[in-house]
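For reference, the structure discussed in these notes is given below.
Here the structure is a predicted model, which means the values were calculated and not measured. Naming convention: chains lettered A, B, ... in sequence-line order (proteins, then strands); numbering from 1 in each chain.
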Amino acid sequence: MENQYIPGEVEAKWQEFWAQNESYRAEVLADKPKYYLLEMFPYPSGRIHMGHVRNYAIGDVVARFKRLQGCNVLHPMGWDAFGMPAENAAIEHGTHPGKWTYENIDSMRVQLKRIGLSYDWSREFATCDLDYYRWEQLIFLKMYEKGLAYKKTSNVNWCEDCQTVLANEQVEDGCCWRCHNQVIQKELDQWFFRITRYADELLDETWNLKGWPEKVLAMQRNWIGKSHGCEIEFVVKDSAAKVKVFTTRADTLFGATFMSLAPEHPLVDSLVSAQQRTEVEAFIAEVSRQDKLDRTSGELEKKGVFTGSYCINPLTGEELPVFLANFVLMDYGTGAVMAVPAHDQRDFEFAHKYQLPIRVVIQPEGASLTADALEEAMTGSGLLINSGKFDGISNEAAKEKIASFLDERNQGHMTVNYRLRDWGVSRQRYWGTPIPIIYCDSCGAVPVPEKDLPVKLPMDVEITGEGGSPLARHEAFLNVDCPTCGSPARRESDTFDTFVESSWYFARYACPQYAQAPLDTDEANYWMSVDQYIGGIEHAVMHLLYARFFTKVLRDLGMIEASEPFTNLLTQGMVCKETQRCAEHGWLYPEQVEEGKCTGCGKPVEIGRTEKMSKSKKNVVDPNELIANYGADTARLFSLFAAPPEKDLEWNEQGVEGCYRFLGRVWRAVHDNLDLLGSKADVAGLVGTTSELRRKTHQTIRKVSEDVDGRFHFNTAISSVMELVNAIYACDRKQESPEVLREAIESVVRLLSPFVPHICEELWQRLGYEGGIEKHGWPTWEDAALLTTEIELVIQVNGKVRGKVRVAADADNSVLEQAALSEANVVRFVAGKQVCKVICVPGRLINIVVSG
RNA sequence: GCGAGAGUGGCGGAAUUGGUAGACGCGCCAGAUUUAGGAUCUGGUGUCCCGUGGCGUGGGGGUUCGAGUCCCCCCUCUCGCACCA
């Protein structure tokens, strides 16, 4: 290795050094504050993409910075290794999902190591490791004991393509979040986690998560969807049946003129009169044919059908016709809505369409609404009318009054309702954690006794993609004796949703080899919670909510003290790139374009919009090639420099070049000056000395420290180091003291080391230091070095800049005023006018206010 | 429709508490070096008429000595949620 910057050599050397020295191994230490930094672990698809590079580069800066600051840093990495792509690969190529997954892990580990990330690799695990999922099975058994895991028959979202169930939040626009196939409703027996038991805590804690982006918290609150209201029972006329409704508007009960039920409502069959049956069945069939996308699209025409039954308004005794309506969802509330057309827009439209009565029961202040005159529902506040003894009171007060009146008469009560549903975790898949349950004809569903864990996923399976889960056909796996009565029984063949694994992996990193329980309580309590979690915004609801839920469950099982998994959350933006398209060949990869022409046919290429990098749009950059061309340090530097972490990053090849050039500039700044620098010990003697370069050095140390610590403004931190490098190039090396020059250069190297660790380690060594750059800690700035005797002051006249003067830093206002008023250009603007006021902002500017 | 965020040069972006708008980088222009190209180094680069001047942070109004930043109205874009009873 000579005086030329050859990234490949430098990077290989230091990656080897870090591995040999186990530089990033974490262990419990009493004398340092712990800092747990975690990036969302990847699915082992086989190749890393730029999104990973960005995510992990951001995390690595924080890890290295905290370590330099003297923290005891835990920075682990592993693999979210169960899931469908492994089975799809098995179907396509005949490779066993396990083999495919572990081979992918091996190649991705190599790629990640090539980036030079400071992980404690000794803690690595994959969620498909028996030693991981066995503990998940134990957690499930404990949850089962506490009633937190239960089985129920329900209509589930079913993807025909994946042959599996999807949670509500895994359905996007009515399609499977993974394969984008149409999702249908299917009745199945399924395992659920009772996340709703934690709904209030999950909601309330969002107000304490100060280190989370408001956006994510809002999404979670929205998702939980708590609303206060009233449950009211409506007796069905000539029947013992009662229809329960949930309403947030009990104050409008006197205005209810009909009832709307979801077509899937369980009472529908008993409510339908013989006369109406044909029509109702046709309607139900029509609605069930509509996909969920259409049904929840808002644009949908409101449609319904009369059942032939009536129910009784509990307050007025009136008979209300019961309708089925396409916009009422069985998923929310009770699946039944009391319809108040005067005060609800949907009911209003529905009433008009089917000529149902409209009765105004709330009169806004100073108006007198009549039903005939209404052009839309009146949803505002006012005083009650047409409401018997409640007339005249405000509708807000009436909500509670009417509810308690109903309560007294056993016709209803105040309640809360949540949008959040329990989490369905059964998946009809092979490559996942087996659910440890045995079905016995006489004993029912029996949990696998703890001593019989783990339930191992059998390796000898045939994966064809046909006929559902391979486990359901695997007789050797299925056949088992009932643990309770000993008679022949069958195992549960479903496996867990893979979100279960990612709901507690962060805690397992504290004690990945622990063999007695899911968590070593001491280790877990030392490291948890994660101080900083970093990942994509796309996990704002699902993964982050499930992880919060699991943490609370683990706490209540006595396995951990923490209530929340992630103290601070950073959601990084996507990596985007401009798309390119050829009229003949469609989307083109960057290398298929030369000088704006398609390499296939020579036609001009159309530049499309900038979009998230994706294979389908071919606007991807392969990190492996990038690193091969420029080195890992350049790849990291560009990911960090081009945009602040939370914003989308636009990939730009020329920007990458610029970063590479900058590293070359840093490299030369060291080598070109090595002969001038003198002994390294001299730097300590500089305390108290000032010079322009030294001031710039210490300003930069302060700026970078402040930008990195908590603010994560890596782009501005890097740009300030670029300024320092520019200052080093600009200074007159013959005039500048070698010590000041050395201090400046050393500072550049030390300040850049969290961002581009390899080159900095190398330069640090070439500057005469041994044993790695981290042991020297983070540089500190000296306040005295920031001081200047003279400053430049801006002079404004009426708020416009008219001149600048150099003044003594400690000059008082009257001196400044004098200097300002005598500056030549300022004189021009003040001449002939009256000075009304002079405003001095210390260290910044003087504003002279004139009139006339 | 509701909620959150954003809108600044040719481009990515900076301006942390109301105080010189455009740091830093890319691109572009010029110069130096070089047989040439590349690389490197130096300088310039918001915009408008030649200027020491005018204009300029999506648009319009306001507060202030002073507004990218605060307040009101409007437009556009992105993300999330959505017939939520």
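Heavy atoms of A/K703 sit under 4.0 angstrom from at least one base atom. At a threshold of 4.0 angstrom between heavy atoms, the contacts of A/G658 are confined to the sugar-phosphate backbone, with no base atom among them. Using a 4.0 Å heavy-atom distance criterion, A/V849 is classed as a sugar-phosphate-only contact. Across all strands, A/E214 comes closer than 4.0 Å to no nucleic acid atom at all (heavy-atom distances). Heavy atoms of A/V841 sit under 4.0 angstrom from at least one base atom. Base contact: A/Q796 has a heavy atom under 4.0 Å from a base atom. Within 4.0 Å of A/R221, counting heavy atoms only, lies no atom of the nucleic acid at all. Using a 4.0 Å heavy-atom distance criterion, A/R828 is classed as a sugar-phosphate-only contact. Contacts of A/R844 with the nucleic acid, taken as non-hydrogen atoms under 4.0 Å apart, involve only primed sugar atoms and P, OP1 or OP2. A/N847 comes within contact range of at least one nucleobase, with a heavy-atom separation under 4.0 Å. Residue-level contact check: A/Y418 touches neither bases nor backbone, having no heavy atom under 4.0 Å from any strand. Among the protein residues, A/P644 comes within range of the sugar-phosphate backbone only, with heavy atoms under 4.0 Å from sugar or phosphate atoms but none that close to a base. Across all strands, A/K800 comes closer than 4.0 Å only to sugar-phosphate atoms, never to a base (heavy-atom distances).
Nearest to the side chain of A/K804, among B/U20, B/G3, B/C65, sits B/U20. Closest approach to the A/L845 side chain among B/C81, B/U20, B/C84 is made by B/U20 (side chain taken as heavy atoms from C-beta onward). Checking B/G13, B/U20, B/C84 against the side-chain heavy atoms of A/K647 singles out B/G13 as nearest. The A/N326 side chain lies nearest to B/C83 when the options are B/G53, B/A14, B/C83. Here B/C26 is the nucleotide among B/C24, B/C26, B/C84 with the atom lying nearest to any side-chain atom of A/R661. Candidate nucleotides B/A23, B/G13, B/A15 were compared by shortest atom distance to the side chain of A/E723, and B/A23 ranks first. For A/F327, taking side-chain heavy atoms from C-beta onward, the closest of the listed nucleotides B/C83, B/A85, B/G27 is B/C83. For A/E792, counting side-chain heavy atoms from C-beta on, the closest listed nucleotide (B/A15, B/U20, B/A14) is B/U20.
A/F712 CZ to A/E646 CD: the interatomic distance, rounded to the nearest 0.5 Å, is 10.0 Å. The structure places CZ of A/F348 at 14.5 Å from CZ of A/F350, a figure rounded to the nearest 0.5 Å.
Comparing A/I718 and A/V801 against RNA chain B, the residue whose closest nucleotide sits nearer the 5' end is A/V801.
Between A/N715 and B/A14 there is a side-chain N or O to OP1 or OP2 distance below 4.0 Å. At B/A85, none of the side-chain N or O atoms of A/R419 fall inside 4.0 Å of OP1 or OP2 (strictly under the cut-off). An OP1 or OP2 oxygen of B/G5 is reached within less than 4.0 angstrom by no side-chain nitrogen or oxygen of A/K215. Residue A/R668 places none of its side-chain N or O atoms closer than 4.0 Å to OP1 or OP2 of B/A39.
Counting only heavy atoms from C-beta outward, the side chains of A/L315 and A/L406 approach each other to under 4.5 Å. Side-chain contact between A/R702 and A/L786: present, with at least one pair of heavy atoms (C-beta onward) separated by less than 4.5 Å. Inter-residue side-chain proximity for A/V827 and A/L821 is flagged as unmet; no heavy-atom pair is nearer than 4.5 Å.
Regarding A/K226, its NZ atom lies at a distance of 18 Å from the C1' atom of B/A85, rounded to whole Å. Regarding A/I537, its CD1 atom lies at a distance of 13 Å from the P atom of B/A6, rounded to whole Å. In this entry the distance linking CZ of A/R636 with C1' of B/G25 reads 19 Å, nearest Å. To the nearest angstrom, P of B/G66 lies 15 Å from CD1 of A/I848. Atom NE2 of A/H671 and atom P of B/A39 are 21 Å apart (whole Å). Between A/K303 atom NZ and B/C83 atom P there is a gap of 18 Å when expressed in whole angstrom units. For A/F714 and B/A23, the CZ to P distance is 23 Å, given to the nearest whole Å. Following rounding to the nearest Å, A/N825 (CG) and B/U20 (P) show an atom-to-atom distance of 18 Å.
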**OP:** Verify ring-ring contact (aromatic ring centres under 6.0 Å, His included) between A/F662 and A/F641, making sure each step is shown before the conclusion.
**Re:** CA-CA 12 Å; A/F662 170 67; A/F641 178 65; 8.1 Å; no

Subject >> Intermediate values then yes/no, side-chain contact (heavy atoms from CB on, under 4.5 Å), A/I795 and A/I848 >> reply: CA-CA 8 Å; A/I795 309 161; A/I848 299 161; 3.9 Å; yes

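Donor-acceptor pairing under 3.5 Å is lacking for the side chains of A/R419 and A/N222. Counting only N and O atoms by type, the side chains of A/N395 and A/S381 include no donor and acceptor under 3.5 Å apart.
B/U47 and B/C79 have their P atoms separated by 32 Å, with the value rounded to a whole Å. For the C1' atom pair drawn from B/U20 and B/A15, the interatomic distance equals 11 Å after rounding to whole Å. Using P as the reference atom, B/U16 and B/C11 are 23 Å apart when rounded to the nearest Å. Annotation: B/U8 and B/A21 have their C1' atoms spaced 8 Å apart (nearest Å). Between B/U69 and B/U57, the distance separating the two C1' atoms is 10 Å to the nearest Å. A gap of 13 Å separates the P atoms of B/G68 and B/G18, to the nearest Å. To the nearest whole angstrom, the two C1' atoms, one in B/A14 and one in B/A23, are 5 Å apart. Using C1' as the reference atom, B/G56 and B/G46 are 8 Å apart when rounded to the nearest Å.
Base orientation of B/G9: syn (glycosidic angle within 90° of 0).
For A/K302 against B/C83, a side-chain N or O and a base N or O form a donor-acceptor pair under 3.5 Å.
For A/E657, the CD atom sits in a packed shell: over 12 heavy atoms of surrounding residues, nucleotides or ligands are nearer than 6.0 Å. The 12-atom threshold is exceeded at NZ of A/K226, counting heavy atoms of other residues, nucleotides or ligands nearer than 6.0 Å. Counting non-hydrogen atoms of neighbouring residues, nucleotides and ligands closer than 6.0 angstrom, the CZ atom of A/R711 exceeds 12 such neighbours.
Here the side chain of A/N619 pairs a donor or acceptor atom with the backbone of A/K577 at under 3.5 angstrom.
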Original post:
What one-letter contact string describes nucleotides 42-49 of chain B from 5' to 3', where B marks a base within less than 4.0 Å of any protein heavy atom, S marks contact via sugar-phosphate atoms alone, and - marks no contact?
Top reply: S-------

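Checked against a 6.0 Å centroid threshold, the rings of A/Y354 and A/F258 do not count as neighbours.
Counting only Watson-Crick and G-U wobble pairs whose two key distances fall under 3.5 Å, RNA chain B forms stems of three or more stacked pairs at B:1-7 with B:75-81, B:10-12 with B:24-26, B:27-32 with B:40-45, B:46-48 with B:53-55, B:58-62 with B:70-74.
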